[in-house]
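These notes concern the structure reproduced below.
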Amino acid sequence: MSDAPQRSQPTLSLHDSQRRATVPFEPINPEHVTVYYCGPTVYDLAHIGNLRAMLTADVLVRLLRHLYPRVTFVRNITDVDDKITARARANGEDIATLTQRTTQEFHADLAALGVLPPDIEPRATHNIGEMQAMIARLIDNGHAYEAEGHVLFSVGSFAAYGALSGRNPDELEAGARVEVAPYKKAAGDFVLWKPSDADQPGWDSPWGRGRPGWHIECSAMSHRYLGDSFDIHGGGSDLLFPHHENERAQSLCCFPGGRFANYWVHNAMLLVDGEKMSKSLGNFLTIRDVLAQAPAEALRLLLLGAQYRSTLNYTQAGLAEARRTLDRFYRALEAGGVTDAASAAPTDAPMPHGVLEALADDLNTPKAIAELHALADAALAGSHDAAVALRQGAGLMGLLRASPGEWFRGAASEGDDVIDALIAERLAARKARDFARADALRDELQAKGIILEDTREGTSWRRA
RNA sequence: GGUCCGGUGGCAGAAUGGUGAUGUAGCGGACUGCAAAUCCGCGUAUGUGGGUUCGAUUCCCGCCCGGACCUCCA
């Protein structure tokens, strides 16, 4: 209602995968919200599907920071994995070179997209000791066993196995498509530790030189930085099973007093031209592939254009549309007198309530973007307040970070005075009513990718 | 084969047990020397067959179609 206090905060609702319902978010400690996301395995450039998970986390964390006084966001780097070993070998480089380079590329790509860095970004290889401690404890309390140099988690020892992903362990065995290793007691048992040969990365352990299984690292790192129980664990829906199910089993068996994650947030997959991304189809797109053809914010807007739990189809047409939408938003900022970059603006402007309400409703980014359109309408009509609110609301989604000048014209470059000279010449021709000459000059500029806009105040230009 | 999610206008994409947002594309108009931008107006949608209900796009069941997962993919 209009008489509600402006400062009232909406209640955040999130869809919890485990409860399979959208429920009010109640933090363990409202003074300090804790979030863990599964980060990348660093063996290759990140693709736009990876990016969707990172963007979902980014909007979630931005919103949490707006609603709560303190948020700790942990996102790991997986820098030990058999895919890494294989790639390093194929490239003829050592593992550390590959993982360091790929990590830097990952950071650069996310920075280009305006994804805020996590508060803590632990690396798997820096947490081997924590993993071994957990594995030893799981063996001690009867949830894991050693077999032929491997340590395996015994799925049968955990009655709640399958509860997160809604699976029945008996049916899993029947449908398993992977050959069951002979040393497993049960088909569903998964590796906590496995032996390494001389060519594979390995660490000394009570079970011989070896390396961790995939799932244990997230259990170890989330526990180290966030404790037995934390608020939100997120990732792509393809991680729900087995990765998250296994993480949960390990953590709850290792720390029976804790609850592990209270809310599980999973984003849906991204399609490209209606099909799953795959190298064989030739539709595999890295973040860099897309950034070569459109501004980063266009990609960001495109990916936020669908609610995170819906499958999103990436297309070229969609990217182009996102870019035009941003043209409109930046035009609205300019019309409303917001001409500096977001980083230069005061941050105490009120958050538009419609945007906040939409995002608080399980991160309804499409609805929030619709709210931005309403603000843009008002800003285009000349409202400065609306323009300020537009930028503030967009900022909650990491959008409209540039100044309108930067967006339309880029950083000042050497060619700019040439453009200004041609515009001045065209203006003179128009005054002389030599429209043929004026149009020829406009065409000349258009050929250079410069689009002119005549207004009452004069002629402005932008890059196509 | 099993489990789960989804099918809304040309396209993208919200919402809802009671006249279906928003954007984009299209059409008409205003403005402009013409454009560009902006503004005004218009049209078009709930996959399919049943059921519950005064009323279903929404809830339930069947069917069709698409997608995810089924032991190291975000």
Side-chain angles (χ1 to χ4, degrees), chain A residues 17 20 37-41 46-57 78 81-83 155 162 165-168 170-181 184 187-191 194 212-217 234-243 245-246 266-271 274-278 301-302 305-313 315 317-318 320-322 324-325 327-328 331-332 334-335 358 361 364-374 376-377 380-381 430 433-436 438-439 442-443 446 451-456 459-462 464:
Chain A
S17 304
R20 285 175 258 298
Y37 251 78
C38 293
T41 301
H47 58 70
I48 58 176
N50 301 126
L51 179 61
R52 191 178 194 196
M54 299 300 107
L55 281 181
T56 303
T78 297
D81 181 279
D82 289 353
K83 287 196 294 291
V155 165
S165 58
R167 279 156 212 274
N168 177 334
D170 301 332
E171 290 170 357
L172 287 176
E173 292 180 30
R177 65 180 173 186
V178 172
E179 201 176 327
V180 177
K184 288 188 181 182
D189 292 352
F190 56 90
V191 169
K194 53 188 170 184
W214 178 34
H215 316 296
I216 192 68
E217 57 169 282
S237 65
D238 49 353
L239 295 183
L240 180 57
F241 187 90
H243 183 51
E245 188 74 57
N246 292 355
H266 290 99
N267 57 279
M269 297 294 97
L270 182 69
L271 303 180
E275 292 179 302
K276 183 172 172 170
M277 256 195 300
S278 74
L301 180 65
L302 173 60
Q307 205 264 358
Y308 73 94
R309 286 189 294 114
S310 319
T311 305
L312 171 62
N313 187 20
T315 62
E321 182 179 331
R324 285 194 299 271
T325 299
D327 283 344
R328 176 178 151 82
R331 204 169 271 132
E334 211 161 38
D361 180 13
N364 193 336
T365 48
K367 195 174 186 185
I369 291 165
E371 296 288 337
L372 296 185
H373 277 288
D377 286 342
L380 282 164
R430 289 180 70 206
R433 302 197 66 79
D434 181 358
F435 295 121
D439 290 351
R442 184 169 62 198
D443 291 346
Q446 173 124 38
I451 295 169
L452 299 187
E453 294 183 4
D454 295 329
T455 67
R456 272 194 300 268
T459 298
S460 63
W461 62 271
R462 62 186 162 97

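Chain naming here is simple, since letters A, B, ... match the order of the sequence lines and numbering starts at 1 in each.
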Subject >> Distance-minimising heavy-atom pair for A:H266 and A:S17 >> reply: ND1-OG, 2.6 Å
Original post:
Taking the C1' atom of each, how far is B:U71 from B:A15, in whole Å?
Top reply: 39 Å
Subject >> Interatomic distance where CZ belongs to A:R167 and C1' belongs to B:C70 [whole Å] >> reply: 5 Å
**OP:** Could you tell me whether A:E245 contacts a base, only the sugar-phosphate backbone, or nothing, with contacts defined as non-hydrogen atoms closer than 4.0 Å?
**Re:** nothing
Subject >> Same-atom distance (P) from B:A36 to B:A30, integer angstrom >> reply: 15 Å
Original post:
Could you state the interatomic distance from CG (A:N313) to CG (A:L302), rounded to the nearest 0.5 Å?
Top reply: 9.5 Å
Original post:
Base, sugar-phosphate alone, or nothing: which one does A:L372 contact when heavy atoms must sit under 4.0 Å apart?
Top reply: nothing
Original post:
If we take the C1' atom in both B:C11 and B:G26, what is their distance in whole Å?
Top reply: 12 Å
**OP:** Decide, yes or no, whether a salt bridge links A:E334 with A:R462 under the criterion of side-chain N to carboxylate O below 4.0 Å.
**Re:** no
Original post:
Could you state the interatomic distance from CZ (A:R167) to CG (A:L240), rounded to the nearest 0.5 Å?
Top reply: 6.5 Å
Original post:
When rounded to the nearest Å, what value does the distance between C1' atoms of B:U48 and B:U8 take?
Top reply: 15 Å
**OP:** Looking only at side-chain atoms of A:H215, point me to the closest of B:A74, B:G67, B:C72.
**Re:** B:C72
**OP:** Walk me through it: do A:K194 and A:D82 pass the test side chain to side chain contact (heavy atoms under 4.5 Å, CB included)?
**Re:** CA-CA 11 Å; A:K194 53 188 170 184; A:D82 289 353; 3.3 Å; yes
**OP:** Would you kindly give the CD-to-C1' distance between A:E321 and B:G10, to the nearest whole Å?
**Re:** 12 Å
**OP:** Identify the heavy atoms of A:G166 and A:R20 that sit nearest to each other, and give their distance.
**Re:** CA-NH2, 3.4 Å
Subject >> 5′-ward residue of the pair A:S237/A:L312 relative to RNA chain B >> reply: A:L312
Subject >> Set of residues satisfying side-chain contact (heavy atoms from CB on, under 4.5 Å) with respect to A:A53, sequence neighbours excluded >> reply: A:N267
Subject >> Spacing of the P atoms in B:G7 and B:A14 (rounded, Å) >> reply: 9 Å
Original post:
Mind checking the C1' distance from B:G43 to B:G29? Whole angstroms is fine.
Top reply: 15 Å
**OP:** Report which part of the nucleic acid A:A370 touches: base, sugar-phosphate, or nothing (heavy-atom distance under 4.0 Å, all strands).
**Re:** base
Original post:
Between A:Q307 (side chain) and A:N364 (backbone), is there a donor-acceptor pair under 3.5 Å?
Top reply: no
**OP:** Would you kindly check whether a donor in the side chain of A:Q307 faces an acceptor in the base of B:G13, or vice versa, at under 3.5 angstrom?
**Re:** no
**OP:** Write down the distance between CH2 (A:W214) and P (B:C72), rounded to a whole number of angstrom.
**Re:** 8 Å
**OP:** For A:N313 and for A:R52, find the nucleotide of RNA chain B with the closest heavy atom, then tell me which residue's nucleotide is more 5'.
**Re:** A:N313
Subject >> Nearest-angstrom distance from the residue atom CZ of A:F241 to P of B:A68 >> reply: 17 Å
Subject >> Donor/acceptor link under 3.5 angstrom from A:K83 side chain onto base of B:C73 >> reply: no
Original post:
Distance from A:L270 atom CG to A:I48 atom CD1, nearest 0.5 Å?
Top reply: 5.0 Å
Original post:
Which whole number of Å gives the distance between the C1' atom of B:C5 and that of B:U22?
Top reply: 25 Å
Original post:
Reckon A:D81 touches a base, only the sugar-phosphate, or nothing at all at heavy-atom distances under 4.0 Å?
Top reply: base
Original post:
Would A:D439 and A:R430 pass as an ion pair if we require N to O under 4.0 Å?
Top reply: no
Original post:
Roughly how many Å is it from CE in A:M269 to P in B:G67, rounded to a whole number?
Top reply: 14 Å
Original post:
What does A:A317 touch in the nucleic acid at a heavy-atom separation under 4.0 angstrom: a base, only the sugar-phosphate, or nothing?
Top reply: nothing
**OP:** Take atom CG of A:L270 and atom P of B:A68, then tell me their distance rounded to the nearest Å.
**Re:** 11 Å
Subject >> Residues forming a side chain to side chain donor-acceptor pair (under 3.5 Å) with A:H243, sequence neighbours excluded >> reply: A:H215, A:E247
**OP:** For B:A14, take OP1 and OP2 only and decide whether either is under 4.0 Å from a side-chain N or O of A:S310.
**Re:** yes
**OP:** Would you mind telling me which of B:A74, B:U22, B:C70 lies closest to the side-chain atoms of A:P242?
**Re:** B:C70
Original post:
What integer number of Å spans the C1' atoms of B:G47 and B:A56?
Top reply: 16 Å
Please produce a list of atom pairs where a protein N or O lies less than 3.5 Å from an N or O of nucleotides 58-61 of chain B.
none

**OP:** Can you tell me the distance, in whole Å, between the NE2 atom of A:H373 and the P atom of B:G13?
**Re:** 14 Å
Original post:
If only atom types and distance count, is the side chain of A:R52 paired as donor or acceptor with the main-chain N or O of A:A268 below 3.5 Å?
Top reply: yes
Subject >> For A:D189, all residues meeting side chain to side chain donor-acceptor pair (under 3.5 Å), sequence neighbours excluded >> reply: A:Y145
Original post:
How does protein reach along nucleotides 30-40 of chain B, written 5' to 3' as B (base within reach of a heavy atom under 4.0 Å), S (only sugar-phosphate), or - (no contact)?
Top reply: ---BBBBSSS-
**OP:** Under 4.0 Å between any heavy atoms, over every strand shown, what does A:G318 touch: base, sugar-phosphate, or nothing? Just pick one.
**Re:** nothing
Original post:
How close or far is atom C1' of B:A12 from atom CG of A:L271, stated in whole angstroms?
Top reply: 14 Å
Subject >> Main-chain N/O of A:A358 paired to A:D361 side chain as donor or acceptor, under 3.5 Å >> reply: no
Original post:
Base, sugar-phosphate, or nothing: which does A:H47 touch, judged by heavy atoms less than 4.0 Å apart?
Top reply: base
Original post:
What stem regions, each of at least 3 consecutive Watson-Crick or G-U pairs below 3.5 Å, can be found for RNA chain B?
Top reply: B:1-7 with B:64-70, B:10-12 with B:22-24, B:26-30 with B:38-42, B:47-51 with B:59-63
Subject >> Phosphate-side-chain proximity, A:N246 and B:C72, N/O vs OP1/OP2 below 4.0 Å >> reply: no
